[in-house]
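See structure below.
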Number of protein chains: 2
Amino acid sequence: MTCGKVTSVDVARATGVSQPTVGRVFASDARVSPAMRARMMEAATALGYRHNTLVRAMITGRSNIIGLVVAYLENPFYAEAIERFSTCLKARGYHALLVTASNDENNVDSVVKDIMGLQVAGMILASISATLSLTRELDRPGIPLVLFNRGQEDAMIPKVTAANFEGGRKTAHLLVRRGHKRIAHVSGWQGSLTGLDRMNGFLAGLADPGQTPVACIDSHYDRDHAKVVTRQVFATPDCPDAVFVGNDHMAFAVMEVLRHELALDIPGDVSIIGYDDVKMAAWQDFNMTTLCQPANRMVDATVDMLMQMISGAAMPVRHVKITSELIERGTTRDRTKDSQNDQT
Amino acid sequence: MTCGKVTSVDVARATGVSQPTVGRVFASDARVSPAMRARMMEAATALGYRHNTLVRAMITGRSNIIGLVVAYLENPFYAEAIERFSTCLKARGYHALLVTASNDENNVDSVVKDIMGLQVAGMILASISATLSLTRELDRPGIPLVLFNRGQEDAMIPKVTAANFEGGRKTAHLLVRRGHKRIAHVSGWQGSLTGLDRMNGFLAGLADPGQTPVACIDSHYDRDHAKVVTRQVFATPDCPDAVFVGNDHMAFAVMEVLRHELALDIPGDVSIIGYDDVKMAAWQDFNMTTLCQPANRMVDATVDMLMQMISGAAMPVRHVKITSELIERGTTRDRTKDSQNDQT
DNA sequence: CTGAAAGCGCTTACAG
DNA sequence: CTGAAAGCGCTTACAG
């Protein structure tokens, strides 16, 4: 049954105080005598009063809502991150408004404008690039923005990423050390700084000992695309003996093609390394060597940063970079010992 | 730069009309001359005006926010559903506020009360049961609630589920028809109606031809739990020749134990059937027989239902049940032909 | 520590 | 179709 609205005025009347006093108690920014507080809470419960957060948001011009824009949840890394964002923001008294947007500029722009009407306190773009017009749009009303797992040309926008370049480089070094000679890279998306950094780091790592990749192809963070590219690369004469893939999500697709279509043994015929260390990478079915990109720590750092900005605190660092540890599992092996057998 | 707030009054002044007229144009519920509308939009853009949705929500007591409470996103079925919810709600002019809650009653209650302060227009609980106190809490202010992939004692709460009982039954029939003799069930969570229905349907399906399961154990929708249970079941003398698992998410864990710890062949030694048909089930690494629970269709039905309730329309059905098709892949085989070899 | 008063930026009858 | 006026349920200086 829909009873008439219960407002702070009703609670005030029931408790015998003024309405602002009730407001102060529920906004909990004031010191009222504990006795009265208790009486008031009792009356509130009895009446079924619920503090209307929206009004404060209207007055202050800031709700306790944070806009969380994501591209796709198919990659389990994002599912994990989203879950953590939700709980982490809640712990700080904020709510996560989840919005999906394709990486198409117009779409992101319209989506963001849309939720601005809710007077969001801040905005997080996960794996989505901010356009200049969007940045300006957020700038005017002073809505803080943090990029998660993305960077972009405008280096001034605060961001949290893994140390992608270093991660790529470490990977190259590992493969070379393990005696691989025909190394390929299936990059995430070279249009994203994350994908580009991983690729450039990898190329730099190969260049250190004077190697070059036998192939380096982009696949847009997409499973199907990754499969097509893998078939292409393995149809050439210098079929790779190792592939570094831009993220785990695609690496699973690459492995599927190698094992089930091309009947190659991993790591017997070819080594595979992914990036992210999503939980699935540790499943025995994959047991995949990968670089760890700790979702939880990255999310926490992102929220910390956003909170600093909201509170107007000074921002010591504009780019939090989290080191990616190499997790060596069963999809890489040491080929240095069987090098003489190559020509057998 | 944070300029002073631009309000509808500013736009009104710039356009030479009254403030309510501006409000009418942006609320788009009124017919104003196209010419003036154009002038107004131009002025709004120039001034950087953004319609404040929150105020309308305050006045009407209903925001355009839908609370979406989920238990966990680790199961890819939910990741898929969440993504669809977000886009589907957006298409209707609503926003999804994502909240995670453990299935612990107190937690769900507090979480729901929390977001009620935002004057949500409706609430969706995905795989979470509503307590009676919660139902009452929502009832008073008249906030519609729909359960997604969950039912419960209170049959009056609108819900959308798969036809779980029928799905379970079909599965049993298939396994029997394929000649399996020692059939086990690792149930989702018998404390959830979804898990219970699948189990009961399965048991009924086995009972039809007079069979009983060799084991029927619960595993709380949890991978680790499913693994423990699998080890137990396969340590007994009548080691199953088929296992029906309560959902795909757990079925992957069951398969991991069978293949990698017990070195059993699937489907040579044992057949596996899951439930949900998440995308991963079709990956060649799993190629798993399962029952389809179409996330997209279920989400659409849920949103449809919620919209009906919000608009106060009559609700023809309180329970949308979506048929689960059996998708037969490579983890089941026909054992009727090799029955005589059993004793070899 | 608490109250009276004004106001946040819209919406909504009510007139014209 | 448009305007003047009141009001949504809180917060926030300003007094006491």
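Small disclaimer: the values here were computed from a predicted structure and weren't measured. Quick note on labels: first sequence line is chain A, next is B, and so on, each numbered from 1. Both backbone and side-chain heavy atoms feed into the values below; hydrogens, waters and symmetry mates do not.
Less than 4.0 Å separates DNA chain D from no heavy atom of any residue of residues 38-47 of chain B.
At a cut-off of 3.5 Å, with distance as the only test, a side-chain donor of A:T131 or A:D109 sits close to an acceptor on the other residue.
No contact: B:V22 has no heavy atom under 4.0 Å from any strand.
The side chain to side chain donor-acceptor pair (under 3.5 Å) test applied to A:R318 returns no partner, not counting sequence neighbours. The side-chain contact (heavy atoms from CB on, under 4.5 Å) test applied to B:N149 returns B:F77, B:Y78, B:S127, B:T194, B:R198, B:Q293, B:M298, not counting sequence neighbours. Under the rule for a side chain to side chain donor-acceptor pair (under 3.5 Å), A:S63 has no partner lying at least two apart in sequence or in another chain. Residues meeting the side chain to side chain donor-acceptor pair (under 3.5 Å) test with A:N75, sequence neighbours left out: none.
Salt-bridge formation is not detected for the pair B:D10/B:K5: no Lys NZ or Arg NE/NH1/NH2 atom is positioned less than 4.0 Å from an Asp or Glu carboxylate oxygen.
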(message) For DNA chain D, please output the secondary structure as dot-bracket, reading 5' to 3'. Pairs are Watson-Crick or G-U wobble, both atom distances under 3.5 Å; mark crossing pairs with [ ], other-strand partners with |, unpaired with a dot.
(response) |||.||||||||.|||
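Side-chain atoms of A:V320 and A:K159, non-hydrogen and from C-beta on, never get closer than 4.5 Å to each other. The closest side-chain heavy-atom distance from A:R150 to A:I128 is not below 4.5 Å.
Place A:P20 and B:S18 on DNA chain D by their nearest nucleotides, and B:S18 ends up nearer the 5' end.
As a whole-Å value, the separation of A:F26 CZ from C:dT2 P is 15 Å. Note: CG (A:L54) to P (D:dT11) measures 12 Å, nearest angstrom.
Identified under the ring-ring contact (aromatic ring centres under 6.0 Å, His included) test for residues 116-151 of chain A, with sequence neighbours left out: A:F85-A:F148. Legend: salt bridge (charged side-chain N to carboxylate O under 4.0 Å, His left out) pairs involving residues 116-137 of chain B, not counting sequence neighbours, sorted by first then second residue: A:R50-B:E137.
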(request) Under the side-chain contact (heavy atoms from CB on, under 4.5 Å) rule, what do B:H319 and B:T161 come out as? Steps first, then yes or no, please. (result) CA-CA 8 Å; B:H319 182 180; B:T161 69; 2.8 Å; yes
Can you give each donor-acceptor pair under 3.5 Å made by side-chain atoms of residues 88-97 of chain B, sequence neighbours left out, with the distance rounded to 0.1 Å?
unit_1	atom_1	unit_2	atom_2	d
B:K90	NZ	A:T100	O	3.3
B:R92	NH2	B:D304	OD1	2.2

Donor-acceptor contacts, no H, no angles, side chain residues 305-316 of chain B, under 3.5 Å, sequence neighbours left out:
unit_1	atom_1	unit_2	atom_2	d
B:S311	OG	B:M307	O	3.2
B:S311	OG	B:Q308	O	2.9

Taking only nitrogen or oxygen atoms into account, show me every contact under 3.5 Å that the protein makes with nucleotides 7-10 of chain D, one pair per line with its distance.
unit_1	atom_1	unit_2	atom_2	d
D:dC10	OP1	A:Y49	OH	3.1
D:dC10	OP2	A:S8	N	3.0
D:dC10	OP2	A:S8	OG	2.5
D:dC10	O5'	A:Y49	OH	3.4

Please list each protein N or O that sits under 3.5 Å from an N or O in nucleotides 14-16 of chain C, with the distance.
none

